[in-house]
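As the structure is a computational prediction, the values presented were derived from the model and not from experiment. Numbering of ligands and ligand atoms starts at 1, following listing order.
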Amino acid sequence: MKKVIKNGTIVTATDTYKGDILIENGVISQIGASLQVQDAEVINADGHYVFPGGIDPHTHLEMPFGGTVTKDDFETGTIAAAFGGTTTVIDFCITNKGEPLKKAIGEWHAKSKDKAVIDYGFHLMIGEINDDVLTELPSVIDDEGITSFKVFMAYKNVLQADDETLFQTLVQAKKLGALVMVHAENGDVIDYLVKKALAEGKTEPIYHALTRPSEIEGEATGRAAVFTGLANSQLYVVHVTCAEAVEKIAEARNKGIDIWGETCPQYLVLDQSYLEKPNFEGAKYVWSPPLREKWHQDVLWNALKSGQLQTVGSDQCSFDFKGQKDLGINDFSKIPNGGPIIEDRFSILFSEGVKKGRITLNQFVDVTSTRAAKLFGLYPKKGTIAVGGDADIVIFDPNVERTISAETHHMAVDYSAFEGMKVTGEPVSVLSRGEWVIQEKKFVGKLGAGEYLKRAKYGEMKENKEINSLSL
Ligand SMILES: NC(=O)NCCC(=O)O
Ligand SMILES: [Zn+2]
Ligand SMILES: [Zn+2]
């Protein structure tokens with residue numbers, strides 16, 4: 001059945017206006033003032049914003065990590081994402097050295113196919129480059145539509161790749177039309193600092209942060225940027241946390257290097273002092289890179305505002321406090337890294353960003369949806385509200401006040417990293433390709449309704465180049 005969303009304030013990355021939206025066969029077929037439509041379900045969005053569904057370009061659902069597996073899978077994770085206003089996730093498919101890439105991709109399809117309630121795609125981790133990998137890469141792009149590769153510069157002896165692998169990945173990405181993503185920290189230096197701290201009997205969660213200083217995030221970001229320039233390739237730096245990394249990205253962009261930066265809500269609103277909470281509670285706040293001193297938050301907000309950082313991902317990577325985070329009770333290096341964010345990304349950005357005047361309403365849409373769609377080959381099917389695009393839509397109450405809590409969230413974990421935080425604004429209803437997923441704050445979607453997204457090549461997203469040169 002057709003649907004028409006009436007009287008809402010439609011917000012895209014560039015425009016804000018009152019209008020009605022007609023949805024037919026999962027697609028936006030018309031936008032206009034006072035649309036008169038027969039035989040349509042009418043949705044009254046008066047007093048609400050109508051946003052394009054959020055695109056979360058950074059999730060780890062059902063990922064084996066740190067001796068355990070992330071608690072939220074493609075069922076609970078995508079349901080929670082939808083409650084939070086996200087209608088597309090791009091998850092990291094983790095590969096193992098010596099095994100075919102196709103094996104890992106097959107595993108990720110098996111995890112997601114019958115569970116995802118919203119649309120999804122995969123990035124592919126590259127841990128090594130050899131003849132087998134080189135033979136497989138073209139079909140990863142052409143057959144699977146996976147057009148972004150992820151290289152970890154940290155997690156020594158686990159996920160970390162060496163510089164040669166990063167450089168070769170950049171070269172291949174340029175040739176094939178993919179965007180390279182990096183976790184930028186110097187894993188070798190961290191490994192030394194961690195061993196030293198443990199030998200000195202420093203085992204508490206705060207040492208996780210103290211052994212990963214912001215300078216080495218800056219160093220790794222700068223190194224990756226230099227490689228990108230040399231390879232004349234393209235780079236997206238995930239979870240930027242600090243001034244040093246922002247500076248390296250800005251410097252590289254000024255030189256004309258094709259580099260993009262993402263930050264995450266946790267780095268915008270939480271700080272290093274959380275790791276000092278007593279009774280091992282600090283473990284709830286163990287991320288890599290770690291939470292920083294508070295002053296870095298202003299740098300990150302300003303970078304979003306000025307366009308030096310372009311996206312906000314969640315880095316959803318959730319572990320229970322009891323039974324998972326406590327693997328590191330006697331040794332901070334064994335605390336599984338990551339936290340539950342997928343549901344809170346949109347609301348925190350709106351409340352702390354738009355409501356507090358740090359970013360505009362249109363920038364909010366850009367950093368939570370549009371820019372990710374452009375960078376990761378989904379635009380304009382996703383990431384905006386336009387005729388012909390998928391009807392992935394969030395009807396958002398900008399004035400409701402609520403308190404974030406594990407008691408009320410929909411993620412499968414036993415704590416919230418934002419427990420007690422008051423936010424203004426909440427998604428009320430969410431549509432994925434024109435079908436209700438959340439209706440009046442209730443889940444009404446279907447497991448397996450989410451479709452796998454084959455994405456366009458990076459080079460084909462001409463708009464990325466234009467935006468990059470415009471904002472230099
Ligand atoms: N960020 C984090 O601590 N965990 C998820 C894995 C990663 O993105 O590095
Ligand atoms: Zn990472
Ligand atoms: Zn991550």
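Side-chain rings of Phe376 and Tyr236 approach one another, their centers coming within less than 6.0 Å.
The Zn ion (ligand 3) sits nearest to atom NE2 when only the N, O or S atoms of His60 are considered. Of all the N, O or S atoms in His58, the one closest to the Zn ion (ligand 3) is NE2.
The aromatic rings of His58 and His60 lie perpendicular to each other, with more than 60° between the two planes, well past the 30° mark. Ring geometry, Phe350 versus Phe364: the interplanar angle exceeds 60°, so the pair is classed perpendicular (tilted spans 30 to 60°). The aromatic rings of His183 and Phe152 lie tilted to each other, with the angle between the two planes from 30° to 60°.
What sits closest to atom 3 (O) of ligand 1 on the protein, heavy atoms only, is Ser288 N, 2.8 Å.
Between Val394 and Pro52, the shortest heavy-atom contact is CG2-O, 4.4 Å.
Under the rule for a ring pair (Phe, Tyr, Trp, His ring centres under 6.0 Å), the partners of Tyr274 that lie at least two apart in sequence or sit in another chain are Tyr285. In terms of the salt bridge (charged side-chain N to carboxylate O under 4.0 Å, His left out) criterion, residue partners of Asp163 (sequence neighbours excluded) are, by chain and number, Arg223. Among residues two or more places apart in sequence or in another chain, the ring pair (Phe, Tyr, Trp, His ring centres under 6.0 Å) test is passed with His410 by Phe83.
The atoms of ligand 1 that sit less than 4.0 Å from any heavy atom of Cys317 are 4 (N), 5 (C).
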Ring pair (Phe, Tyr, Trp, His ring centres under 6.0 Å) assessment of His123 paired with Phe149:
CA-CA 6 Å; His123 313 287; Phe149 303 149; over 10 Å; no
Stepwise side chain to side chain donor-acceptor pair (under 3.5 Å) test for Thr59 and Asp91
CA-CA 5 Å; Thr59 68; Asp91 199 77; 2.6 Å; yes
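Between Trp287 and ligand 1, not a single N/O pair is under 3.5 Å apart. For ligand 1, none of its N or O atoms has an N or O atom of Lys150 under 3.5 Å away.
Residue Asn337 holds the heavy atom nearest to atom 4 (N) of ligand 1 of all those in Asn337, Leu159, Ile335. Counting heavy atoms only, Tyr155 comes closest to atom 9 (O) of ligand 1 of the residues Phe65, Tyr155, Phe319, Phe152. Distances from atom 6 (C) of ligand 1 to the heavy atoms of His60, His208, His183 show the closest one on His60.
Within the 4.0 Å heavy-atom criterion, neither part of Phe92 lies near ligand 1. At a 4.0 Å heavy-atom cut-off, ligand 1 touches Asp315 through the side chain alone.
Each protein N, O or S atom less than 2.8 Å from the Zn ion (ligand 2) was counted, giving 2.
Taking the ring centre of Phe319 as origin, the terminal cationic atom of Lys325 falls outside the region bounded by 6.0 Å and 45° from the ring axis.
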